[in-house]
Amino acid sequence: MGTIVRGSGFVVGEHTVKNEQLARVMDTSDDWIRERSGIEQRYYVKDGTTTSDLGVRAARLAMEQAGVGAGDIDYVVFATMTPDYQFPGCGVLLQSKLGLGNIPTLDIRQQCTGFIYGLQVADALLRAGAAKRLLLVGAEVHSGYMPWKDHGIVFGTSDATVTDEERAFNTKYRDRTVLFGDAGGAVVLERTDEDRGLLAVKLHSDGSYAEKLYVPSGFAWRPYVTEAMVREGRHIPEMDGRQVFRMAVTKMPEIVHEILAANGLSIDDVSLLIAHQANLRINESVQKTLGLPDSRVYNNIQKYGNTTAATIPIAYDECRRAGRVKPGDLVCFVGLGAGFHWGAALLRE
Ligand code: ACO
């Protein structure tokens, strides 16, 4: 008996944004971005497309592959750090847009570890009988917090240019803004009688690092949004990049060994490692520490940037569609992100 992925799918924002395009609004370069992060391009949504829209599109693809319709889904778990609204969450928006009926919808916010946390929640709901067939979605529209005013300059659809003052403001945030992209991924999960599926999920958190990667505005302020806050850029994530990097390269290999040992397995048993896509250099380091050959690791950050809760379902969907996962394979998911939260999951195909 196990929880299995019946279908998967993903979508990206409508605009491709190459590294060079970002140099139109801030001081950065293709060379710097590639060298430090491995990223070559990312996608941004067109105006009006939201996180729940990307979630809906990805969910449709996952449902199509699973061969199920709206009436077959009885629970939604939606992971995002960039919801359409402060509240309600994206889960209920997706439920309405997909016409899923009055089923329960749950929003979780564990950022880059959102999908792995979501797997544990989904598995528990399915085991408990609270759900029979569940949609787990991870989607993000990061372009909403980019500091520039006119996305048309980046897309090449506007003749406007940035002033020196705007360029200087945008450049203040270049270490983080170059990393992120917009996308959504989804899986349809259900229980099977077969001897396969999700073997284990291991999760950790350490809130003492909360302010190493966070958005310094919210309901702690009165009122919670002021013009001054926007001027000061407090709607844009603050990030201690080096700290995140250090934690990621340490905690990800650690938790992979932890979950394998707890299940009587070793790194030699892992057919494919799919790590959260935050920075190719982080993942290269994790791979090296774990001693895995290229053939047993999958990365796609070059094409999409960091899409937070969407990275793992996107990478997994690409691997499934490309035949990189075969019956009997052991897939290991691992991630670390804002919180800090980190986690790993083992899936027997
Ligand atoms: N373009 C050009 N130059 C830049 C850019 C840029 N986009 N960003 C920073 N620089 C410059 C800096 O100003 C600095 O210049 P200086 O030496 O003249 O002062 C120099 O490059 C080095 O900057 P650092 O920030 O020290 O560069 P670092 O090597 O640490 O790389 C990076 C920065 C890529 C952000 C790295 O620290 C990293 O990837 N950290 C992890 C970040 C991450 O994964 N975040 C997401 C977590 S997921 C989540 O939960 C949302």
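Heavy-atom basis, side chains included; hydrogens, waters and symmetry copies ignored. Just follow the structure's listing: the first ligand is 1, and inside any ligand the first atom is 1.
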Winner among Ile301, Thr28, Thr311, Leu280 once heavy atoms are compared against atom 6 (C) of ligand 1: Thr28
Option among His204, Lys251, Gln111 that satisfies the side-chain contact (heavy atoms from CB on, under 4.5 Å) test with Leu336: Lys251
Closest protein heavy atom to atom 15 (O) of ligand 1, given as residue, atom name and distance to 0.1 Å: Arg174 NH2, 4.4 Å
Per-atom contacts of ligand 1 with Gly337, taking only distances under 4.0 Å to non-hydrogen atoms: 50 (O)
Distance from atom 25 (O) of ligand 1 to nearest protein heavy atom, with residue and atom: Asp175 CB, 4.4 Å
Arg36 neighbourhood, listing ligand 1 atoms whose heavy-atom distance to it stays under 4.0 Å: 22 (C), 27 (O), 28 (P), 29 (O)
Closest protein heavy atom to atom 30 (O) of ligand 1, given as residue, atom name and distance to 0.1 Å: Arg242 NE, 3.1 Å
Atom of Trp221, atom of Pro216 and distance for their closest heavy-atom approach: CH2-O, 3.5 Å
Nitrogen or oxygen atoms of Ser29 and ligand 1 under 3.5 Å apart: no
Polar contact flag, side-chain donor to acceptor under 3.5 angstrom, Gln21-Tyr44: no
Phe245 neighbourhood, listing ligand 1 atoms whose heavy-atom distance to it stays under 4.0 Å: 38 (C), 39 (O), 40 (N), 41 (C)
Polar contact flag for Asn306 and ligand 1 (N/O pairs, less than 3.5 Å): no
Closest contact, heavy atoms only, Gly48 versus Asp53: O-OD2, 3.6 Å
Pair His151-Ser143, side-chain donor/acceptor within less than 3.5 Å: no
Backbone of Ile259 reached by a side-chain donor or acceptor of Asn263 within 3.5 Å: yes
Atom indices of ligand 1, in the order listed, that fall short of 4.0 Å to a heavy atom of Val178: 7 (N)
Asn279, portion touching ligand 1 at heavy-atom distance under 4.0 Å: side chain
Side-chain donor-acceptor pair present, Asn306, Arg42, cut-off under 3.5 Å: no
Numbered atoms and elements of ligand 1 in range of Ala278, under 4.0 angstrom, heavy atoms: 44 (O)
Nearest non-hydrogen protein atom, atom 47 (C) of ligand 1: Leu213 CD2, 3.4 Å
Aromatic ring pairing Phe219/Tyr224, orientation class (parallel under 30°, perpendicular over 60°, tilted between): tilted
Proximity to ligand 1 by part of Arg176, non-hydrogen separation under 4.0 Å: neither
Closest to atom 51 (C) of ligand 1 among Ala338, Ala23, Gly335, Cys112 (heavy-atom distance): Cys112
Identity and separation of the nearest protein heavy atom to atom 31 (O) of ligand 1: Trp32 CH2, 4.1 Å
Polar proximity ligand 1 side, His276 side, N/O cut 3.5 Å exclusive: no
Between Gln41 and Tyr43, a side-chain donor and acceptor under 3.5 Å: yes
